[in-house]
Protein chains: 2
Amino acid sequence: MTRWSIGDLAKASGLTVRTLYHYDEIGLVVASERTTSGHRRYTPEDVRRLYQVRSLRQLGLSLDEVRTALSRSDSLRPIFEAQLAALTKQAQQVEALRSRLAALLDGHTTESLLSTLEMMSVYESYFTADQLDDLRSRAAALGQEAVEGLKTSWLELVKQLRQHMADGTPATDPRVVELSRQWDELGAKFTGGDPAIQAAAQRSWEENKSAISTQIGWPSDDGLVDYVNQARAAR
Amino acid sequence: MTRWSIGDLAKASGLTVRTLYHYDEIGLVVASERTTSGHRRYTPEDVRRLYQVRSLRQLGLSLDEVRTALSRSDSLRPIFEAQLAALTKQAQQVEALRSRLAALLDGHTTESLLSTLEMMSVYESYFTADQLDDLRSRAAALGQEAVEGLKTSWLELVKQLRQHMADGTPATDPRVVELSRQWDELGAKFTGGDPAIQAAAQRSWEENKSAISTQIGWPSDDGLVDYVNQARAAR
DNA sequence: ACTTGAACCTCCCGCAACGGGAGGTCCTAC
DNA sequence: GTAGGACCTCCCGTTGCGGGAGGTTCAAGT
């Protein structure tokens with residue numbers, strides 16, 4: 001009967017000696033025999049088990065799952081099915097991440113990346129996953145450029161409104177009222193007019209009046225929202 | 001200026017208090033202030049950083065990558081591109097695993113699962129990744145049933161050859177010679193006639209003459225291969 | 001028979017990103 | 001003034017090994 005030394009077995013199986021030690025330690029693949037001096041001797045039976053372990057590992061099972069799988073052969077199928085489900089789920093998640101990242105990358109300049117992410121992150125606390133999906137798919141439907149256009153328009157609007165505030169233009173001034181109308185129009189394009197999403201956005205604003213504005217990089221809660229609200233009331 | 005307690009910030013951000021401790025420990029998001037008694041006070045600036053960290057984490061970056069990304073904004077794009085590449089690769093790997101597992105599951109009975117895996121595992125030590133891909137794609141091309149048919153034929157062949165050996169039929173007997181021809185034919189179907197793959201298979205046999213046969217569950221190296229070799233020589 | 005270098009042995013620390021508990025202090029509300 | 005949260009700082013555990021220290025043993029060459 002051939003016995004294998006740990007080094008030879010490592011070479012044959014493509015695993016490292018350290019890994020074999022580890023499997024021995026946790027009792028997953030134990031060398032059935034030892035020389036008098038304590039060197040491990042793997043029997044063909046041990047080798048066979050090691051190859052089984054290796055195959056199961058290559059399917060992505062954890063060492064614990066491998067142990068269970070090898071303990072009773074009738075547990076193989078359910079474990080495999082669970083693993084298949086897990087892999088399917090994982091594939092979807094990875095794919096979702098990948099497409100988000102890809103979309104981000106080809107639609108943004110370096111500078112806008114972080115702030116965009118930050119806003120998304122903040123908003124994700126307030127929208128449900130479905131609503132976010134909705135927002136994203138709407139963005140996808142509008143197309144990259146259209147979304148960029150909306151963002152630029154919004155930044156432009158904010159700039160003009162702030163200018164008027166600084167100039168002391170009353171909120172009832174027709175120019176400001178017009179800007180507030182554009183503000184709502186833009187918001188409608190983003191939210192798609194969905195009242196639930198608008199409500200969530202509104203809630204987001206209220207709960208973060210000061211916090212959010214600081215986070216986004218505005219000097220502080222400068223009353224812009226109140227200003228717009230006044231202008232809207234004047235319509 | 002609003003300061004946030006760690007608990008409130010945890011609730012607002014959806015992270016756990018423990019996570020915030022962790023980020024503080026490793027210096028990723030540190031509470032800039034402390035009360036006299038040592039309680040953390042997060043400034044709006046800290047909160048903003050936390051949200052940035054959260055967004056980057058949601059893209060699958062490691063904490064170290066996040067740290068780098070936030071250190072200089074010009075490192076964002078390369079990091080994102082690397083992450084996209086990593087995700088793409090991961091997606092492919094997961095998908096490969098998934099399809100292998102799915103194929104295994106709907107093509108095998110519970111009992112045959114382990115031994116099939118085991119054989120694959122053993123062979124994977126002797127074939128290169130490309131050759132294995134080749135074998136798998138060939139198997140896919142032949143279709144599930146055809147592959148099953150080949151396997152059954154092979155088992156049948158082995159059974160008959162063993163019978164002849166047990167009966168003492170000489171290897172030069174025409175019936176045995178015919179079986180050896182079928183053996184080679186079957187092998188050619190599996191290997192697709194690729195000499196490199198055939199050589200690898202041959203090498204596999206030689207290096208494992210005794211070990212492999214025991215691993216696969218055969219009583220021992222019973223000389224079947226030699227017997228076939230003799231029969232082949234008689235052709 | 002002796003030496004030497006490779007292979008082997010047993011601890012033990014380390015990784016990523018936290019989870020969770022112990023044991024103590026603090027804050028806030030009644 | 002007291003209860004019960006919320007907060008603090010250690011510290012151990014997780015997964016699947018990698019890698020090093022420090023010591024023993026094996027196999028081959030002289």
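What you see below is based on every heavy atom in this structure, not just the backbone, and it leaves out hydrogens, waters and symmetry mates. Note on naming: letters A, B, ... go to the chains in the order of the sequence lines (proteins, then strands), and numbering restarts at 1 for each one.
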### Summary
Smallest heavy-atom separation, A:Ser62 atom then A:Arg57 atom, equals CA-NH2, 4.0 Å
### Query
Salt bridge between A:Arg49 and A:Asp46, side-chain N to carboxylate O under 4.0 Å?
no
### Query
When you check the side-chain N and O atoms of B:Thr68 and B:Ser71, is any donor under 3.5 Å from an acceptor?
no
### Task
Take the protein atom CZ of A:Arg18 and the nucleotide atom P of D:dG16, then report the distance between them rounded to whole Å.
13 Å
### Query
Between the side chain of A:Arg98 and the main-chain N/O of B:Ala86, is any donor-acceptor distance below 3.5 Å?
no
### Query
Rounding to a whole Å, what distance do you find between B:Tyr42:OH and D:dC7:P?
10 Å
### Query
Over how many whole Å does the gap from A:Leu20 atom CG to D:dG18 atom P extend?
10 Å
### Query
From the list D:dT25, D:dC8, D:dC17, which nucleotide is the closest neighbour of the side chain of A:Leu63?
D:dC17
### Task
Report yes or no: does A:Arg54 contribute a side-chain atom to a donor-acceptor pair with the main-chain N or O of A:Ser13 at less than 3.5 Å?
yes
#### Entry: Short side-chain N/O contact from A:Arg57 to OP1 or OP2 of D:dC17, under 4.0 Å
yes
### Message
Please report the distance, rounded to the nearest Å, between CG in A:Leu61 and P in D:dT15.
### Response
15 Å
### Message
Need to verify one output field. Residue with the more 5' nearest nucleotide on DNA chain C, A:Asp8 or B:Thr35?
### Response
A:Asp8
### Query
Under a criterion of less than 4.0 angstrom to any heavy atom of chain A, what are the 5'-terminal and 3'-terminal contacting nucleotides of DNA chain C?
C:dC8 to C:dC12
### Query
Within the structure, does a side-chain N or O atom of A:Thr19 lie under 4.0 Å from either OP1 or OP2 of D:dG18?
yes
### Query
Does D:dC7 have OP1 or OP2 sitting under 4.0 Å from an N or O in the side chain of B:Ser37?
no
### Query
At under 4.0 Å between heavy atoms, what does A:His22 touch on the DNA or RNA strands: base, sugar-phosphate, or nothing?
base
### Message
For A:Thr36 and A:Tyr23, find the nucleotide of DNA chain D closest to each by heavy atoms; which residue's nucleotide sits nearer the 5' end?
### Response
A:Tyr23
### Query
What is the nucleic acid contact for A:Arg41, judged by heavy atoms within less than 4.0 Å: base, sugar-phosphate only, or nothing?
nothing
### Query
Can you check whether B:Arg40 has a side-chain N or O nearer than 4.0 Å to OP1 or OP2 of D:dC8?
yes
### Task
Could you check how far CZ of A:Arg67 sits from P of D:dG16, rounded to whole Å?
10 Å
### Query
Roughly how far, to the nearest 0.5 Å, is CG of B:Leu15 from CG of B:Leu50?
5.5 Å
### Task
Let me know the distance between CZ of A:Arg54 and C1' of D:dC17, rounded to the nearest Å.
17 Å
### Where at least one partner belongs to residues 5-32 of chain B, residue pairs that pass salt bridge (Lys or Arg N to Asp or Glu O under 4.0 Å), sequence neighbours excluded
B:Asp24-B:Arg34, B:Asp24-B:Arg40
### Task
Just call it for B:Ile6: base, sugar-phosphate, or nothing, with non-hydrogen atoms closer than 4.0 Å on any strand.
sugar-phosphate
### Task
Quickly work out the A:Ile26 CD1 to D:dG16 P distance and round it to whole Å.
8 Å
